[in-house]
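To start, the structure under review is shown below, and the notes come after it.
The figures here come from the full heavy-atom set of this structure, side chains too, leaving out hydrogens, waters and symmetry mates.
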Amino acid sequence: MLKENKGVTLVALVITIIVLLILAGVTLSMVMGDSGIFSKANKASSETTISSAKDAVRLATLEAVTDQYDDNGAITTANEITSENVATKVGAKLQDGYKIQDGKIMQGTTDTGVTVTFTVGSNHSVTPTFNK
């Protein structure tokens, strides 16, 4: 009568461990690699911060342009936006901790990596231009 073998052979155990190590390696590279989840999340966070900063400057620019008009739709000389004072007037309107410092958009003390320049049109319009 033959004896029945019960249990796992050493070869089967080694093969199982190798397969699990390969799966773990693939999973770690997908999560931690250059195109991994963490890298993509950091990039998305950075892009969100930049977009928020640009939106804050655009909104502040619109508010500054609107403030130069009085109730009758005439431009008041005290509030007129010129190329010399546009950054100051827009900077005074910025919210959410943003500010303009030396042409750079800052959030608190952190540089967002975006610079802004303003163009004042002949019709008293102001156009912000962003550079990353």
Side-chain angles (χ1 to χ4, degrees):
M1 186 164 203
L2 293 176
K3 183 178 173 188
E4 288 186 34
N5 290 333
K6 293 184 180 179
V8 178
T9 65
L10 186 59
V11 173
L13 183 62
V14 169
I15 291 173
T16 304
I17 290 172
I18 289 172
V19 169
L20 288 174
L21 287 173
I22 291 171
L23 288 174
V26 169
T27 302
L28 284 175
S29 71
M30 289 179 69
V31 172
M32 303 286 220
D34 289 339
S35 63
I37 293 171
F38 290 141
S39 174
K40 289 180 181 179
N42 288 336
K43 184 178 178 184
S45 174
S46 174
E47 289 176 3
T48 300
T49 300
I50 290 170
S51 293
S52 295
K54 288 179 180 180
D55 286 344
V57 170
R58 286 185 187 110
L59 180 62
T61 302
L62 290 173
E63 289 179 10
V65 169
T66 303
D67 284 352
Q68 70 182 341
Y69 294 95
D70 64 13
D71 292 337
N72 298 324
I75 295 177
T76 59
T77 55
N79 292 327
E80 184 176 6
I81 295 180
T82 63
S83 57
E84 292 81 25
N85 69 9
V86 64
T88 303
K89 289 198 180 273
V90 171
K93 295 288 182 183
L94 279 173
Q95 298 177 1
D96 299 329
Y98 291 106
K99 63 183 176 181
I100 298 173
Q101 183 176 343
D102 299 327
K104 295 180 181 179
I105 302 174
M106 308 288 285
Q107 185 176 26
T109 58
T110 306
D111 185 357
T112 61
V114 178
T115 58
V116 62
T117 55
F118 297 98
T119 305
V120 180
S122 60
N123 59 352
H124 302 283
S125 65
V126 178
T127 306
T129 305
F130 303 100
N131 296 316
K132 185 176 177 190

Nearest heavy-atom contact between Lys40 and Ser35 is CE-O, 3.3 Å

Do Leu20 and Leu28 sit in one hydrophobic cluster, given that two such residues count as connected whenever their side-chain heavy atoms are within less than 4.5 Å of each other, even indirectly?
no

N-O pairing of Asp67 and Lys89 below 4.0 Å:
no

Let me confirm one number: the NZ-OG1 distance from Lys54 to Thr129, rounded to the nearest 0.5 Å.
10.5 Å

For the residue pair Thr82 / Asn85, report whether a side-chain donor-acceptor contact shorter than 3.5 Å exists.
yes

Student check: side-chain heavy atoms of Ile105 and Phe130 closer than 4.5 Å:
yes

With rounding to the nearest 0.5 Å, note down the distance linking OG1 in Thr88 to CD1 in Ile100.
9.0 Å

If two hydrophobic side chains count as joined below 4.5 Å and joins carry through other members, does Phe118 share a cluster with Ile50?
yes

Using a 3.5 Å distance criterion without hydrogens, assess whether the side chain of Asp96 forms a donor-acceptor pair with backbone atoms of Tyr98.
no

Could you measure the distance from the CD1 atom of Ile18 to the CG atom of Leu13? Nearest 0.5 Å is fine.
10.0 Å

Between CD1 on residue Ile37 and CE on residue Met30, distance to nearest 0.5 Å
6.5 Å

Is there a path of hydrophobic side-chain contacts, each under 4.5 Å between heavy atoms of I/L/V/M/F/W/Y residues, joining Leu62 to Val86?
no

Taking C-beta and beyond as the side chain, do Ile81 and Val65 meet within less than 4.5 Å on heavy atoms?
yes

Short side-chain to backbone donor-acceptor contact, Ser51 and Thr48, under 3.5 Å:
no

Backbone of Val57 reached by a side-chain donor or acceptor of Thr61 within 3.5 Å:
yes

Nearest heavy-atom contact between Ala64 and Val90 is CB-CG2, 4.2 Å

Tell me whether Thr16 contacts the main-chain N or O of Ala12 through its side chain, where contact means a donor paired with an acceptor under 3.5 Å.
yes

Give me the atom names and distance for the closest heavy-atom approach of Leu94 to Lys99.
CD1-CA, 3.6 Å

Look at the side chain of Gln101 and the backbone N and O of Met106, then say whether any donor-acceptor pair between them is shorter than 3.5 Å.
no

Honestly curious: do Val114 and Val126 fall in one hydrophobic cluster under the side-chain, below-4.5 Å linking rule?
yes

Between Glu63 and Gln95, which heavy-atom pair has the shortest distance, and what is it?
OE2-NE2, 4.3 Å

